[in-house]
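Notes for the one structure printed next.
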Amino acid sequence: MITNTQTLTVLWSVNKGDNMSNKYGNDTDSNIRPAGHGDRRAFMYGNEVVVRAALAAKAEFLYGYPITPQNEIMHYWSRLAPAQGGKFLQTEDELSAGFATLGGIMAGARSFSATAGPGTVLFQEPLSMAEMMRIPIVLIVQQRGGPSTATVIYSQQEVFLAIFGGNGEGLRVVYSPGGHQEMYDYTIKAFDTAWRYRFPTLVLGDGYQAKMREPVVLYDPEERGMQLQPAVPFVGGEGVPGVEREPAHWRNAFSVEEELFEALQPIIHDFQHAAPFLTEMEASDLEGAEIIVTGHGIVGRSAREAVRELRAGGVPAGFFRPLTLRPFPAKDLKRILDSCPRLLVVESAQGQLTKLFRIAIGGELEHRVEMYPYFRPGLGITAEEIAREVRAILGGERKEEARAAVSIL
Amino acid sequence: MGGEGGQGVQTAADILAQAAFEEGKEALYIPNFGIEQRGGVSLAFVQIGANPVGSPKFDQAHLVVALSARSLERLQDYLHEGSTLLYDSSLLAPPEVSDSVVGWQAYDTIAPEAFAERRLTDRRQKFPRITKKVHKILGLPAGEMASSRLHPRVSNIIVLGAAARLIEIVRLEEVKKALEKRLANKIRRDPKLKELNYKALELGWEAADRMLKGREAGAAV
Amino acid sequence: MSELAMPRSWRRETKPHKFCPGCGHGLVLKALGMAVDRLEIAERVLFGCDIGCSLLAWDFFNLDTVQTHHGRTVPFIVGAKRARPHLIGIAYMGDGGGYAIGVQHLINAVMRNDRILVIIVNNTTYAMTGGQMAPTSLPGQKTETSPGGREPRTEGYPLRGPEMVASFAAEGAYIARGSVSHVQRLALFLERGLQNQIQDKGIAVVEALSTCPTNWRTNAEDTWKYLEKEMADYYPVREFVSPWKENNPRGVN
Ligand SMILES: Cc1ncc(C[n+]2csc(CCOP(=O)(O)OP(=O)(O)O)c2C)c(N)n1
Ligand code: SF4
Ligand SMILES: [Mg+2]
């Protein structure tokens, strides 16, 4: 049983050695691993990929409330999970889904939920409780358009919600996969991360990734030597509490300022110390680059494709993509921008990712970096249009927008 | 690929992508889903290649398949000089969709095929004005072929057969396999469906084959 | 049956407790402690408390306890119970938590007949936030947000929670209203509610009429009068739905 006094420093320093290593070096062309022993290559919808990954990570319980485009996660789960002992509860809303997930986790079941758009808004309340009490909740977010009901299709407008949506400090881990293989890899990893570091862990997908079908290699993480962190109950230990053992008393409310301040220190400390183990990014074509093209998630994939096309056409473009939006791979970014201080940020939102970049760059470097925006809130972005934009920038046609700040709301 | 909700566009596109995958290609299929889910325009996007597919949507299509005038209007943007446009010359009229479940809930769902009842009309719809120059335009009377020779419901499979032939990447055998996978549940309930759909595929495939060889040039517009 | 002054399941180290003098919360928790003691289930209990004065009970018992958010204790306990059915889940909350901000959870838990015990402390006000009008405030009751008294024409009539959920509860459900003016009887209701869960019969919802002298601004005598007269007149103390009525050895109806 996990006890209240145990800080995570203990947990992860023990496990540092076998921390799943950063899968991305500086050049990754193929997401597809060789389909080796026990691996299976499949052609699948993204929502099914999530379910397969959750099952591979030994998730036990899904609590959910319908919202497009994540519905099929519940559909597939309630068909596929029972054979592995998986359980499902459809709740009355996302608040309930979130708090029921927390209940399941504290009772010792590896539990998760999935949501989108207005549901992500309601999820902030349970997520903030998880931040405060270090409850390892995994939430899959398939972003849809916003604000309000907007579209059920696709967007990247839930970045800030995913990271900073709660009342607090955004002590969460947010992965932004860019396709089915990563959706599979990072959903599995999310369960490990959540339990290893005990911070709420989000997998930030989108409607495209949810609803599209593409190849993916399914595997058993243990066969690949990954040691998944076990799910440990917070309550319900053996013995009569108060007689044979101490009762577990978990709270998130404090009487005085100092008490809260004290309680927060180990949480913040753990988050800061975990950050270097958590940050992940992907970069390529940096050699001689005159502009770095960046985006996250599915847009990052378009950016990568655009850079490949540009390079093939002799245009010196480089590629960078944060895989963790929180913690943000600031160090890598700074190193890259140091030698190429020109950046095109592409996102299906009005500057949410760009704000993260500005925070990450900061300081002296900020004044040197030329940052170009390509914002399409709620709209898909193709590699072709990114390539066109890069050519326009390098051709000097985008001078007046040299500061992305102009376009950020 | 585009048509009206209920015409089976998503099924056809999905099977095509699956066939390419089975053949060892990289493939990506993404439906367009949204407010106009039922009784509206239904679009599907498929990409097939040797390398992993980049963005799920794209600017220009090699092949545009249109089963209704409205969907063709929406797909115009994807046409370019190298495009082939395949359309159903027997209908190009939006079938009336009598859908008892059209309503607010349609906003949040997918897979129109399951609910929509389709009725073909014999009044052909006006072909929209194509403003772009394209490589070729091929008309295939799929609806008519289905009704007179097989069953009205398999017109989308005839179109699929033709599309599969036109892209010249997948073999007919793989399309058949993919089709059988996709329709496994239906075929289990009614084994005759397998033959019927195979025939539809072949019909479309062969028709496109003849068009390519120029023996039966499609009605150029 | 003689009961100890302090139930065994209470945690001595955290007494005296943090409730105001004359507060009914302590009595409800005494009744609950008695019921838990009688059934000898301390090892299996997961006690969830809400935000509201109920949160002051976060370290009250020698029971595994999780203090959650305002109105969210029901779904939290539902989630835990569904995942680990051997646990005995108790959601302890105020009338604001149960009937206002979390009422959708209460209704849906009753509809699903989740095997948990929900205890709602009805003190006719939002106590922790300083005495605002609650769904349970009586007609004419003066609160910080109804200084002229609750006006039914614009503010409606008080919500009778147990009656509401009893109207659609499934078989096996146990729904009752007790009062801190009869702690023994309240303890019995809670014991039956817990039995309901132990024997997998259905949900249990027990409302407890309670006191809040601090926000009512009443002396001891007026506090008790308000509880036993005004409140009990509007809120009948009884069992509404019970699978135990006929053959319960402790039948006190
Ligand atoms: C989401 C949210 N809204 C509002 C509050 C503020 N709040 C704290 S306690 C409370 C009212 C509690 O009243 P009740 O549930 O009746 O419990 P009591 O204090 O009367 O026992 C409110 C509104 C909160 N904590 N969380
Ligand atoms: S404010 Fe009222 S309910 Fe809260 S502890 Fe004091 S008397 Fe009890
Ligand atoms: Mg109250």
Side-chain angles (χ1 to χ4, degrees), chain A residues 1 3-4 60-63 65 86-111 113 124-126 128-130 132-133 135 137 167 231 233-255, chain C residues 8-14 18 40-51 55-89 91 101-109 111-112 114 116 128:
Chain A
M1 206 172 84
T3 62
N4 338 19
E60 193 184 325
F61 218 127
L62 169 66
Y63 304 84
Y65 187 78
K87 289 181 253 174
F88 173 66
L89 178 67
Q90 181 172 330
T91 59
E92 57 275 15
D93 58 24
E94 287 84 355
L95 292 165
S96 180
F99 281 95
T101 309
L102 298 180
I105 292 167
M106 291 188 86
R110 205 190 295 273
S111 312
S113 190
Q124 295 311 320
E125 202 194 325
S128 80
M129 177 162 135
M132 175 61 100
M133 296 165 80
I135 307 170
I137 186 174
N167 56 329
F234 288 60
V235 294
E238 295 233 326
V240 180
V243 182
E244 293 157 21
R245 64 170 170 95
E246 281 298 290
H249 285 151
W250 294 94
R251 63 163 169 169
N252 53 57
F254 300 91
S255 320
Chain C
R8 257 181 297 126
S9 49
W10 277 27
R11 186 167 176 80
R12 276 161 204 281
E13 294 89 324
T14 54
K18 308 176 190 91
E40 301 191 339
I41 50 172
E43 193 174 345
R44 287 168 61 198
V45 168
L46 172 57
F47 179 67
C49 46
D50 215 67
I51 294 293
L55 86 82
L56 301 174
W58 75 275
D59 61 353
F60 191 95
F61 286 110
N62 269 328
L63 298 173
D64 285 354
T65 304
V66 179
Q67 169 257 312
T68 76
H69 280 194
H70 192 27
R72 315 297 172 220
T73 308
V74 166
F76 180 88
I77 294 294
V78 165
K81 178 73 183 181
R82 293 255 173 180
R84 294 290 178 264
H86 69 270
L87 292 174
I88 293 167
I101 195 169
V103 71
Q104 75 274 38
H105 308 313
L106 175 68
I107 288 174
N108 282 278
M111 182 200 74
R112 292 186 301 255
D114 275 302
I116 62 170
M128 176 151 272

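Model, not experiment: these values are computed from the prediction. Throughout, a chain's letter reflects where its sequence line sits, starting with A, and its residues are numbered from 1. We use all heavy atoms of the structure for the numbers below, so side chains are in, but hydrogens, waters and symmetry mates are not.
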To check you understand the geometry: which heavy-atom pair defines the closest contact between C:D64 and A:P241, and what is its length? OD1-CB, 4.3 Å
Taking every heavy atom of A:Y63 against every heavy atom of C:A83, the minimum-distance pair comes out as OH-CB, 3.6 Å
Are C:H105 and A:D93 packed together at the side-chain level, in the sense that at least one heavy-atom pair is separated by less than 4.5 angstrom? yes
Rounded to the nearest 0.5 Å, what's the gap from CZ on C:R72 to CD on A:E125? Could you check? 4.5 Å
In short, A:E92 meets C:Q104 closest at the heavy-atom pair CG-O, 3.8 Å
On a heavy-atom basis, which atom in C:A42 and which in A:V240 lie closest, and how many Å separate them? CB-CG1, 4.3 Å
Are any of the side-chain heavy atoms of A:L89 and C:V78 separated by less than 4.5 Å? yes
Report the distance from atom OG1 of C:T68 to atom CE of A:M129, rounding to the nearest 0.5 Å. 5.5 Å
Quick check for you: to the nearest 0.5 Å, what is the distance between A:M106 atom CE and C:L46 atom CG? 8.0 Å
Should we count CD of C:E13 as having more than 12 external heavy atoms under 6.0 Å? yes
Can you name the residues that form a ring-ring contact (aromatic ring centres under 6.0 Å, His included) with A:Y65, not counting sequence neighbours? none
Proximal component of A:T101, with respect to chain C [non-hydrogen, under 4.5 Å]: neither
Show the nearest heavy-atom pair for residues A:A107 and C:L87, with the distance to one decimal. CB-CD1, 3.8 Å
After noting the C-alpha distance and the side-chain angles of C:R11 and A:E246, does the key distance pass the salt bridge (charged side-chain N to carboxylate O under 4.0 Å, His left out) rule? CA-CA 10 Å; C:R11 186 167 176 80; A:E246 281 298 290; 2.9 Å; yes
Applying a strict 4.5 Å limit to non-hydrogen atoms, the region of A:M132 in contact with chain C is neither
Taking every non-hydrogen atom, the tightest pair across C:I51 and A:A253: CD1-CB, 4.4 Å
For C:H69, the option from A:N252, A:L102, A:L95 that meets side-chain contact (heavy atoms from CB on, under 4.5 Å): A:N252
Can you tell me if A:H249 uses its side chain to pair, donor with acceptor, with the backbone of C:F61 under 3.5 Å? yes
